[in-house]
*Asks:* 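Shown below is the structure under consideration.
Source: prediction; values computed, not measured.
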Amino acid sequence: MNKLRVGVLGGTGMVGQRFIKILENHPWFEVKEIAASARSAGKTYGEAVEGRWKLEGEVPALVRDLVIRDISDVQTIADNVDFVLSAVNMSKDEIRAIEEQYAKTETPVVSNNSAHRWTPDVPMIIPEINPEHAEIIPMQKKRLGTTRGFIAVKPNCSIQAYTPALNAWKEYEPYQAVVSTYQAISGAGKTFRDWPEMEGNIIPYISGEEEKSEKEPLKIWGHIEGDRIVPADNIVITSQCIRVPVLYGHTATAFVNFRKKPSKEELIGKLRDYSGEPQRLKLPSAPKQFIQYLEDDDRPQVAKDVYFENGMGVSFGRLRPDTLFDWKFVGLAHNTMRGAAGGAVECAELLTAKGYIEHK
């Protein structure tokens, strides 16, 4: 296969580094450009991340000597790539503006950032859950005045630890959920070396996370109406989000009420049998098994389960009746693989398979 050329925007940060690592031996995609802030521009990638490489293993040799461009050099980067993956560290207004600039050069943008998640004609996709939302892209192109350029985003990393279960159970009509997420420090782009005060500590607040946890699943479960995605209104979610001293893996505890009353066996069966478009299409990053249910009372655990299906699978356990709600359970998802860079790469694969991303 003649690989598609990829640019990584924000390639020196933690999610950008994860993009680089995932794409090292990707069968469909090849990194041709890396962009970052003006202070990194002109350096080789190896120089720019020296002492700042946050992942396991070495900086991939294929990009070590690639010279970083200034992220504002939009046209030069666009001329050399077929699409970009975005993980830039700027204000939301700046991110919205620059991602639209790239899209208007006829370069598709698949973004890890939150800036465009509530733009009504930008699809926010978990490929196993709402691949049909890609069908809004022609309407977005009409607004942007493009023929191939558009923006697609992936949702917040922490919602991946409970939304897949609620989606698997949609036929039982969940209508209320109380969710608490226990989020790894890498979700803030940190390691323990960067953030030693997190060792042995818990912080009961993460800016913006609770609103994302409550609202983003509603857009994912929404429907296309004309030129916009209308969020679902048949479920209410309330949440608390807590930072915990874990490097990778967001854990969630959830309490759910259903309009229909499923049995435990029915709920577990729906989880284990769940499969989506990425599995049918055999996308390169897609886990063979998207969801696993673990019977042991002490699972899922970060130490044992966060790398299920190379970090692209989601783990659930401790499903049991509740005294106030119908059922409660625990979920776990790898926040930089399934939740961030891996999920965005899988989204790019889905959009490629559906013909939205192609060679220029």
Side-chain angles (χ1 to χ4, degrees), residues 6-24 26 29 31 33-37 49 54-55 71 77 81 83-103 107-119 122-130 133-134 150-161 163 181 183-190 206-209 212-213 216-217 219-220 248-250 278 283 285 311-312 333-352 356-357:
V6 186
V8 178
L9 311 181
T12 58
M14 180 172 269
V15 174
Q17 290 179 21
R18 183 66 75 182
F19 275 139
I20 297 294
K21 195 73 176 169
I22 291 170
L23 295 171
E24 183 177 9
H26 197 281
F29 306 147
V31 176
E33 294 282 355
I34 302 174
S37 64
V49 299
K54 298 175 186 289
L55 304 184
I71 201 164
I77 294 166
V81 301
F83 74 100
V84 295
L85 294 164
S86 178
V88 297
N89 183 17
M90 302 161 75
S91 73
K92 286 193 179 183
D93 287 343
E94 289 172 320
I95 293 169
R96 274 191 286 268
I98 202 156
E99 289 183 346
E100 282 208 1
Q101 284 181 50
Y102 277 92
T107 304
V109 178
V110 180
S111 181
N112 182 72
N113 299 303
S114 64
H116 272 292
R117 288 180 192 161
W118 288 99
T119 303
V122 170
M124 180 166 62
I125 296 174
I126 296 177
E128 282 84 357
I129 293 178
N130 62 329
H133 280 195
F150 64 88
I151 300 163
V153 298
K154 54 145 289 297
N156 189 42
C157 47
S158 66
I159 75 167
Q160 325 271 338
T163 305
T181 58
Q183 300 186 204
I185 64 170
S186 56
K190 306 284 190 182
I206 308 172
S207 178
E209 285 293 298
K212 294 173 189 175
S213 297
E216 289 187 14
K219 183 172 180 180
I220 290 166
Y248 296 121
H250 288 352
L283 299 180
S285 296
M312 290 298 288
H334 194 302
N335 56 295
T336 68
M337 289 297 296
R338 166 53 62 181
V345 170
E346 189 189 49
C347 183
E349 294 167 358
L350 175 76
L351 294 168
T352 300
Y356 293 103
I357 297 175

*Asks:* Could you pull out the closest heavy-atom pair between Ser158 and Ser213, with the gap in Å?
*Replies:*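 That closest heavy-atom pairing would be OG-OG, 3.7 Å.
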*Asks:* If I take atom CD1 from residue Ile34 and atom CD1 from residue Ile20, how far apart are they, to the nearest 0.5 angstrom?
*Replies:* 3.5 Å
*Asks:* Does the side chain of Glu349 come under 3.5 Å of the side chain of His26 through a donor N or O and an acceptor N or O?
*Replies:* yes
*Asks:* Going by side-chain hydrogen bond (donor to acceptor under 3.5 Å, both in side chains), name the residues that satisfy it together with Tyr248, two or more places apart in sequence or in a different chain.
*Replies:* Arg18
*Asks:* Taking all non-hydrogen atoms of both residues, which atom of Ala87 and which atom of Gly16 are closest, and how far apart?
*Replies:*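 Residues Ala87 and Gly16, closest heavy atoms: CB-N, 4.0 Å.
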*Asks:* Stepwise, does the side-chain contact (heavy atoms from CB on, under 4.5 Å) test hold for Ile357 with Val110?
*Replies:* CA-CA 10 Å; Ile357 297 175; Val110 180; 4.1 Å; yes
*Asks:* Rounded to the nearest 0.5 Å, what's the gap from OG1 on Thr336 to NZ on Lys54? Could you check?
*Replies:* 12.0 Å
*Asks:* In Å and rounded to the nearest 0.5 Å, what is the CD1 to CE distance from Ile159 to Met124?
*Replies:*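 Ile159 atom CD1 to Met124 atom CE measures 6.0 Å (nearest 0.5 Å).
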*Asks:* Looking just at side-chain N and O atoms, do Gln183 and Asn335 make a donor-acceptor pair shorter than 3.5 Å?
*Replies:* no
*Asks:* Please identify each residue that fulfils side-chain hydrogen bond (donor to acceptor under 3.5 Å, both in side chains) with Glu94, with sequence neighbours left out.
*Replies:*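 With sequence neighbours excluded, Glu94 shows a side-chain hydrogen bond (donor to acceptor under 3.5 Å, both in side chains) to Ser91, given in chain and number order.
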*Asks:* Can you tell me which residue pairs pass the salt bridge (Lys or Arg N to Asp or Glu O under 4.0 Å) test with a partner in residues 335-347, sequence neighbours excluded?
*Replies:* Glu128-Arg338, Arg338-Glu346
*Asks:* Are side-chain heavy atoms of Arg117 and Asn156 found at a separation under 4.5 Å?
*Replies:*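 They are in contact (side-chain heavy atoms under 4.5 Å apart), so the answer is yes.
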*Asks:* Do NZ/NE/NH1/NH2 and the carboxylate oxygens of Glu216 and Lys219 come within less than 4.0 Å?
*Replies:*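 Not counted as a salt bridge, because no side-chain N and carboxylate O are separated by less than 4.0 Å.
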*Asks:* Of all the heavy-atom pairs spanning Val81 and Gly7, show the shortest one and how long it is.
*Replies:* CG1-N, 3.5 Å
*Asks:* Do Val153 and Ile151 make a side-chain contact, defined as non-hydrogen atoms from C-beta onward lying under 4.5 Å apart?
*Replies:* yes
*Asks:* With a 6.0 Å cut-off on ring centres, are Phe83 and Phe29 close enough?
*Replies:*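 Centroid distance Phe83-Phe29: below 6.0 Å, so yes.
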*Asks:* Could you tell me the separation between the CE atom of Met14 and the CG atom of Leu55, rounded to the nearest 0.5 Å?
*Replies:* 6.0 Å
*Asks:* Where the side chain of Gln17 meets the backbone of Thr12, is there a donor-acceptor pair that is under 3.5 Å apart?
*Replies:* yes
*Asks:* I'd like to check Met337 versus Ile22 (side-chain heavy atoms, cut-off strictly below 4.5 Å). Are they in contact?
*Replies:* yes
*Asks:* Closer than 3.5 angstrom, by distance alone: can the side chain of Lys154 be matched with the main-chain N or O of Ser111 as a donor-acceptor pair?
*Replies:* no
*Asks:* Could you grab the distance from atom CD1 of Ile220 to atom CD1 of Ile125, nearest 0.5 Å is fine?
*Replies:*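 Here the interatomic distance stands at 10.0 Å.
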*Asks:* What I'd like to find out is whether the side chain of Leu350 reaches to under 4.5 Å of the side chain of Tyr356, using heavy atoms alone.
*Replies:*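 No, their side chains stay 4.5 Å or more apart.
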*Asks:* With side-chain contact (heavy atoms from CB on, under 4.5 Å) as the test, would you mind laying out the steps for Ile71 and Ile98 before giving the verdict?
*Replies:* CA-CA 9 Å; Ile71 201 164; Ile98 202 156; 4.1 Å; yes
*Asks:* Specify the closest pair of heavy atoms between Ala348 and Leu85, including all atoms of both residues, with the distance to one decimal.
*Replies:*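 Answer, listing the atom of Ala348 first, then Leu85: CB-CD2, 4.4 Å.
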*Asks:* Under the criterion side-chain contact (heavy atoms from CB on, under 4.5 Å), I'd like the reasoning laid out for Tyr102 against Leu9: C-alpha separation, chi angles, the key distance, then a yes or no.
*Replies:* CA-CA 10 Å; Tyr102 277 92; Leu9 311 181; 3.7 Å; yes
*Asks:* With side chains defined as the heavy atoms from C-beta onward, is the minimum distance between Phe19 and Val345 less than 4.5 Å?
*Replies:* yes
*Asks:* How many angstroms lie between NE2 in His334 and OG in Ser186, if you round to the nearest 0.5 Å?
*Replies:* 7.0 Å
*Asks:* Asn113 versus Val88: any side-chain heavy-atom pair under 4.5 Å?
*Replies:*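 When only atoms from C-beta onward are counted, Val88 and Asn113 do touch, with a gap below 4.5 Å.
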*Asks:* Do you know the tightest heavy-atom contact between Ala115 and Ile95?
*Replies:* CB-CG2, 3.5 Å
*Asks:* What's the verdict on side-chain contact (heavy atoms from CB on, under 4.5 Å) for Leu23 and Val8, showing C-alpha distance, side-chain angles and the deciding distance?
*Replies:* CA-CA 10 Å; Leu23 295 171; Val8 178; 4.2 Å; yes
*Asks:* Would you say that Lys92 contacts His116 through its side chain, given a criterion of any heavy-atom pair below 4.5 Å between the two side chains?
*Replies:* no
*Asks:* Determine the minimum heavy-atom distance between Cys157 and His250, stating which atoms define it.
*Replies:*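 That closest heavy-atom pairing would be SG-NE2, 3.3 Å.
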